[in-house]
K.L.:
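So that we are looking at the same thing, I have put the structure below in structure tokens.
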Amino acid sequence: MIPPRLAYEKQTADSAESIAIIDFETTGLSPGEGARATEIAAIIFRNGHIERRYQSLMNAGVYVPAFITDLTGITNEMVRRAPSAARVMQEVADFVGDLPLVAHNASFARKFWDSELALIGRKRQQEFACSMLVARRVYPTAPNHKLGTLATFANLPNTGKAHRAQADVEMTAHLLCHMEVTLAQRFQIQYLSHALLRVLQRAKVSDIQPCIKKLLAR
DNA sequence: TGCCAGGCCCTCTTTAGGGCCTT
């Protein structure tokens with residue numbers, strides 16, 4: 001069961017912005033190699049709350065390899081019965097509008113987002129921020145920065161089956177909340193905005209890691 | 001010829017190579 005509300009609710013919401021967090025399940029690693037999306041989930045996230053959700057399997061008319069079914073649980077039959085990729089992408093693009101986007105490993109999500117949008121004649125207008133790149137800086141001592149590992153490392157709530165879009169996108173939301181709390185405690189950061197995520201993900205790790213370690217040692 | 005994702009990051013770097021992360 002996916003919790004309806006996150007556990008990091010803040011008291012002040014005046015300056016909070018809305019962001020859209022997205023996650024794809026796909027048939028492979030690159031649309032350039034013919035991979036297509038099989039599922040997408042998106043949430044509108046504001047001030048520690050999930051305000052709106054969108055999730056759908058999608059039928060792009062492609063075969064789902066067995067190893068993808070093993071990984072995600074998404075079968076060819078599930079995809080065959082799903083609405084068309086074009087319809088789903090129209091819906092989800094309308095759902096997120098021009099809100100800034102976040103994904104775990106944004107470079108992966110961005111290339112599928114752009115590729116699937118291009119197939120319906122639409123173009124992304126907003127920037128992505130990457131929770132994985134930020135997590136590398138906030139949690140330099142984590143064993144690795146896979147979403148599942150970070151969930152265990154940061155003791156995040158269970159959101160359902162990993163490698164399904166809805167569970168992964170909600171886990172990303174929990175991760176953002178946890179990073180915001182960590183940064184707020186250590187750096188007097190008031191609010192983890194999309195702009196700040198973009199700054200942090202590009203900060204030199206060699207600069208920020210000693211800073212975080214020093215602050216954690218206090 | 002040989003390889004085949006690709007963007008980002010680190011370092012034994014920058015005239016490069018290798019690892020991480022996503023499905």
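Here the structure is a predicted model, which means the values were calculated and not measured. A, B, ... follow the sequence lines: proteins, then strands. Residue 1 opens every chain. For the numbers below, each heavy atom of this structure counts, side chains included, while hydrogens, waters and symmetry mates do not.
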K.L.:
Mind checking if A:G32 touches a base, just sugar-phosphate, or nothing, with heavy atoms under 4.0 Å?
P.N.:
nothing
K.L.:
Taking only the C1' atom of each, what is the distance from B:dC9 to B:dT14 in whole angstrom?
P.N.:
14 Å
K.L.:
Please name all residues satisfying ring-ring contact (aromatic ring centres under 6.0 Å, His included) with A:F24, sequence neighbours left out, ordered by chain then number.
P.N.:
none
K.L.:
Please check the phosphate of B:dC21 (OP1 and OP2 only) for any side-chain N or O of A:H145 closer than 4.0 Å.
P.N.:
yes
K.L.:
Hey, does the side chain of A:R136 come within less than 4.0 Å of B:dC10's phosphate (OP1/OP2), counting only N and O?
P.N.:
no
K.L.:
May I ask you to say what A:F24 touches in the nucleic acid, namely base, sugar-phosphate or nothing, with a heavy-atom cut-off under 4.0 Å?
P.N.:
sugar-phosphate
K.L.:
From B:dG6, B:dT23, B:dT22, pick the nucleotide closest to the side chain of A:K146?
P.N.:
B:dT22
K.L.:
Less than 4.0 angstrom between a side-chain N/O of A:H163 and OP1 or OP2 of B:dT23, yes or no?
P.N.:
yes
K.L.:
By the 4.0 Å heavy-atom rule, please label A:D168 as base, sugar-phosphate, or nothing.
P.N.:
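Sugar-phosphate: the residue A:D168, judged by heavy atoms under 4.0 Å, touches backbone atoms but no base.
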K.L.:
Return the 5'-most residue of the pair A:G28, A:R202 with respect to DNA chain B, ranking by each residue's nearest nucleotide.
P.N.:
A:R202
K.L.:
Listed by chain and number, what are the side chain to side chain contact (heavy atoms under 4.5 Å, CB included) partners of A:E77, not counting sequence neighbours?
P.N.:
A:T75, A:R80, A:R81
K.L.:
Measure the distance from CD on A:E25 to C1' on B:dC21 and round it to the nearest whole Å.
P.N.:
14 Å
K.L.:
Hey, are A:Q201 and A:R136 close enough side-chain-wise for a donor-acceptor pair under 3.5 Å?
P.N.:
no
K.L.:
Between A:L133 and A:G148, who's closer to the 5' end of DNA chain B by nearest nucleotide?
P.N.:
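The answer here is A:L133.
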K.L.:
Roughly how many Å is it from CG in A:N144 to P in B:dG19, rounded to a whole number?
P.N.:
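After rounding, the gap between these two atoms is 15 Å.
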K.L.:
Rounding to an integer number of angstrom, what distance separates B:dG19 and B:dC4 when you compare their P atoms?
P.N.:
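Between the two P atoms, the distance is 14 Å.
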K.L.:
Can you tell me how far P in B:dT22 sits from the matching atom in B:dC3, rounded to whole Å?
P.N.:
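Comparing P positions in B:dT22 and B:dC3 gives a spacing of 28 Å.
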K.L.:
Using the side chain to side chain contact (heavy atoms under 4.5 Å, CB included) criterion, which residues pair with A:S18? Sequence neighbours excluded.
P.N.:
A:I44, A:R46, A:E51, A:L99
K.L.:
Return a table of donor-acceptor pairs under 3.5 angstrom between the side chains of residues 31-38 of chain A and protein atoms on other chains or two or more places apart.
P.N.:
unit_1	atom_1	unit_2	atom_2	d
A:R36	NE	A:E116	OE1	3.4
A:R36	NE	A:E116	OE2	2.8
A:R36	NH2	A:E116	OE1	2.9
A:T38	OG1	A:E25	O	3.1

K.L.:
Atom pairs, N/O to N/O, protein against nucleotides 1-3 of chain B, distance under 3.5 Å?
P.N.:
none

K.L.:
Of the nucleotides B:dA5, B:dC21, B:dC9, which one has an atom closest to the side chain of A:M132?
P.N.:
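Taking heavy atoms from C-beta onward, the closest nucleotide is B:dC21.
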K.L.:
Quick one: A:F128 CZ to B:dT22 C1', roughly how many Å, whole number?
P.N.:
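For the pair A:F128 CZ and B:dT22 C1', the rounded distance is 12 Å.
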K.L.:
Using links of under 4.5 Å between side-chain heavy atoms of ILVMFWY residues, direct or through other members, which residues join A:I68 in one cluster?
P.N.:
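Members alongside A:I68: A:L57, A:V64, A:F67, A:I74, A:M78, A:V79.
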K.L.:
Using the C1' atom on both, measure B:dC12 against B:dG17 and round to a whole Å.
P.N.:
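Straight-line distance between the two C1' atoms is 10 Å.
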K.L.:
Quick one, A:D98 with A:R124, criterion salt bridge (charged side-chain N to carboxylate O under 4.0 Å, His left out). Give me CA distance, side-chain angles, the key distance, then yes/no.
P.N.:
CA-CA 8 Å; A:D98 59 359; A:R124 173 172 55 91; over 6 Å; no
K.L.:
Closest to the A:S107 side chain: B:dT23, B:dG7, B:dA5?
P.N.:
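Selected nucleotide: B:dG7.
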